[in-house]
Number of protein chains: 2
Amino acid sequence: MSTRVPEAMAFSTQNCTISRTMEILGDKWTFHVLRELFVGVRRFEDIRTRSGIPRQVLTDRLAALIERGVLRRHPYREPGQRERYEYRLTQAGLDLYPVLVAMIQWGDQYLPTEGGPPIEPRHRDCGEHVSVVLRCEAGHEPEPRQVAILAGPGALLREAS
Amino acid sequence: MSTRVPEAMAFSTQNCTISRTMEILGDKWTFHVLRELFVGVRRFEDIRTRSGIPRQVLTDRLAALIERGVLRRHPYREPGQRERYEYRLTQAGLDLYPVLVAMIQWGDQYLPTEGGPPIEPRHRDCGEHVSVVLRCEAGHEPEPRQVAILAGPGALLREAS
DNA sequence: TTGGCTAAGTCTGTCAAGCAGACTTATCCT
DNA sequence: AGGATAAGTCTGCTTGACAGACTTAGCCAA
């Protein structure tokens, strides 16, 4: 193949964590759905109206996210209406916050809009802006270039090509 | 619509930062490509072999990421070969590190594999594991539930439905 | 100077997914 | 009984994914 072979070439992507996470999140509309839930929009018609997602696709994505444990259906009833269901984040869903905040942060930096950020993550207690930072277990906060993604204990060797 | 209307319903998603970021990242294969570059795999055939992405799709994604400023083509030459190009992350691309690390972190927590994590972000200087944390400007490190995504100064009102 | 080697693509036909818009369902109230 | 509403399902069209074959451009050896 090539003389300078990256170490990663020795390993399989079969059980890669990013792959497995993307099996769940890995499509444009799924992120739209998650955004709606994170900003507090929980109902089918509200999500659809705001995000423009096609009905069939919304149905599919909600079902998939429930099956994967990211959302749950929660009953509600408006006065004079029958009982219906809305969608809420589970703890697993809430723990996607860093992913969403990291995406917002990147977008604010590299795709700025006139007028400033349209959405902002804030700490409920103190009202300050929330961001994500990289931190190692020794307490350093490395720049991206100082971080390497290496094979871990669960890495599998790739089949001979 | 409903009695209890989430505030977010008043605002448009048209210029939403997450939408705009997903315009660039928003598909399964794009994340596969980014992962390869983050682990140091930079060449067309290497990326394709490891990730299984169809050629045509890989061509398309690489071109899109270059156009969006996330990657650049970089010439290289193996002995006895003609000059070719490999793909490298720009600064904008590197700054996606928190997004990738956040995804790995979530996957490790909620989709664990036997044998432990197959990939690990580590600090090059000290070798320790790197994670992402949420932090507000006052220095607190809030739990996900203590963070709210609110309308910012650039938020647009939605057209009357 | 021709012919083989290689990485990095392009091309072609098939098939699954996305999509818009119309229709259906299940209750509640009058 | 009839109308209202949220949350879907159904139908047919179109776009994109995909596998596999083919092409390109330079380098080298004979």
Side-chain angles (χ1 to χ4, degrees), chain A residues 1-6 9 13 19 22-33 36-37 40-67 71-88 161, chain B residues 1-6 9 13 19 22-33 36-37 40-67 71-88 161:
Chain A
M1 183 132 317
S2 57
T3 304
R4 178 219 46 80
V5 179
M9 285 306 292
T13 59
S19 301
M22 287 314 289
E23 288 295 308
I24 295 178
L25 307 182
D27 124 296
K28 178 178 66 160
W29 289 122
T30 299
F31 279 95
H32 281 259
V33 172
E36 294 306 307
L37 293 166
V41 175
R42 296 168 168 166
R43 300 180 185 178
F44 193 94
E45 278 300 307
D46 288 352
I47 296 172
R48 202 185 63 77
T49 304
R50 268 198 18 123
S51 68
I53 182 169
R55 290 168 185 283
Q56 188 65 64
V57 178
L58 179 52
T59 302
D60 293 351
R61 294 301 181 277
L62 288 170
L65 288 170
I66 287 169
E67 198 195 323
L71 309 184
R72 64 196 151 85
R73 275 159 66 94
H74 185 90
Y76 76 95
R77 173 172 232 148
E78 292 291 328
Q81 296 286 315
R82 68 173 164 136
E83 182 177 77
R84 302 179 192 281
Y85 291 88
E86 59 185 18
Y87 299 89
R88 297 197 178 185
S161 59
Chain B
M1 183 132 322
S2 57
T3 304
R4 178 218 47 79
V5 178
M9 285 306 293
T13 58
S19 301
M22 289 313 290
E23 288 295 308
I24 295 178
L25 307 181
D27 124 295
K28 175 179 70 161
W29 289 121
T30 300
F31 279 94
H32 281 259
V33 172
E36 294 306 308
L37 293 165
V41 174
R42 294 168 169 167
R43 299 179 185 177
F44 193 94
E45 278 300 306
D46 289 351
I47 296 171
R48 202 185 62 77
T49 305
R50 263 192 29 116
S51 67
I53 182 170
R55 290 169 185 283
Q56 187 66 64
V57 178
L58 178 52
T59 302
D60 293 350
R61 294 302 181 276
L62 288 170
L65 288 171
I66 286 169
E67 197 195 324
L71 309 184
R72 63 196 151 83
R73 275 159 65 95
H74 185 89
Y76 76 96
R77 173 173 234 147
E78 293 291 327
Q81 296 286 316
R82 67 173 165 135
E83 183 177 77
R84 302 179 193 282
Y85 291 88
E86 60 184 17
Y87 299 88
R88 298 198 176 184
S161 58

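Since the structure is predicted, the reported quantities are computational estimates derived from the model, not experimental observations. Naming: A, B, ... by sequence-line order, numbering from 1 per chain.
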**OP:** Using heavy atoms to find the nearest nucleotide of DNA chain D for A/Gln81 and A/Leu62 separately, return the residue whose nucleotide is more 5′.
**Re:** A/Gln81

Restricting both atoms to N or O, compile the protein contacts to nucleotides 18-25 of chain C shorter than 3.5 Å, with distance only.
{"from": "C/dG18", "atom 1": "OP1", "to": "A/Arg61", "atom 2": "NH2", "distance (Å)": "2.5"}
{"from": "C/dC19", "atom 1": "OP2", "to": "A/Trp29", "atom 2": "NE1", "distance (Å)": "2.4"}

Original post:
Quick one: A/Glu36 CD to D/dA7 P, roughly how many Å, whole number?
Top reply: 14 Å

**OP:** Any chance you could measure B/Asp60, atom CG, to B/Thr30, atom OG1, to the nearest 0.5 Å?
**Re:** 10.0 Å

Subject >> Any N/O donor-acceptor pair, A/Arg84 side-chain to D/dA6 base, under 3.5 Å >> reply: yes

**OP:** Provide, to the nearest angstrom, the distance between the CZ atom belonging to B/Arg43 and the P atom belonging to C/dA8.
**Re:** 7 Å

**OP:** Please state whether the phosphate of D/dA25, meaning OP1 or OP2, lies under 4.0 angstrom from any side-chain nitrogen or oxygen of B/Tyr85.
**Re:** no

Subject >> Value in whole Å for how far the C1' atom of C/dT27 lies from CD of A/Glu83 >> reply: 11 Å

**OP:** Mind checking the OH-CD1 spacing from A/Tyr87 to A/Ile47? Nearest 0.5 Å is all I need.
**Re:** 8.0 Å

Original post:
Rounded to whole angstroms, how far apart are OH on B/Tyr76 and P on C/dT6?
Top reply: 13 Å

Original post:
Do B/Arg50 and B/Val41 come within less than 4.5 Å of each other through their side chains, counting heavy atoms only?
Top reply: yes

Original post:
Does D/dA6 have OP1 or OP2 sitting under 4.0 Å from an N or O in the side chain of A/Arg42?
Top reply: no

Subject >> Side-chain heavy atoms of B/Trp29 within contact of B/Leu58, under 4.5 Å >> reply: no

**OP:** State, with a plain yes or no, whether a side-chain heavy atom of A/Thr13 is found less than 4.5 Å away from one of B/Glu36.
**Re:** yes

Subject >> With B/Glu45, the salt bridge (Lys or Arg N to Asp or Glu O under 4.0 Å) member among B/Arg42, B/Arg43, B/Arg48 >> reply: B/Arg48

Original post:
Taking atom C1' of D/dA7 as reference, at what distance in whole Å does atom CG of A/Asp46 sit?
Top reply: 12 Å

**OP:** Using whole Å, report how far CZ of B/Arg48 lies from C1' of D/dA17.
**Re:** 15 Å

Original post:
Within less than 4.0 Å of OP1 or OP2 of D/dT9, is there a side-chain N or O belonging to A/Thr59?
Top reply: yes

Original post:
In whole angstroms, how far is the P atom of D/dA7 from the CD1 atom of A/Ile66?
Top reply: 13 Å

**OP:** Whole angstrom is fine here: how far is it from CD in B/Glu78 over to P in C/dA8?
**Re:** 9 Å

Original post:
Are B/Arg84 and B/Glu86 ion-paired here, with the side-chain N under 4.0 Å from a carboxylate O?
Top reply: no

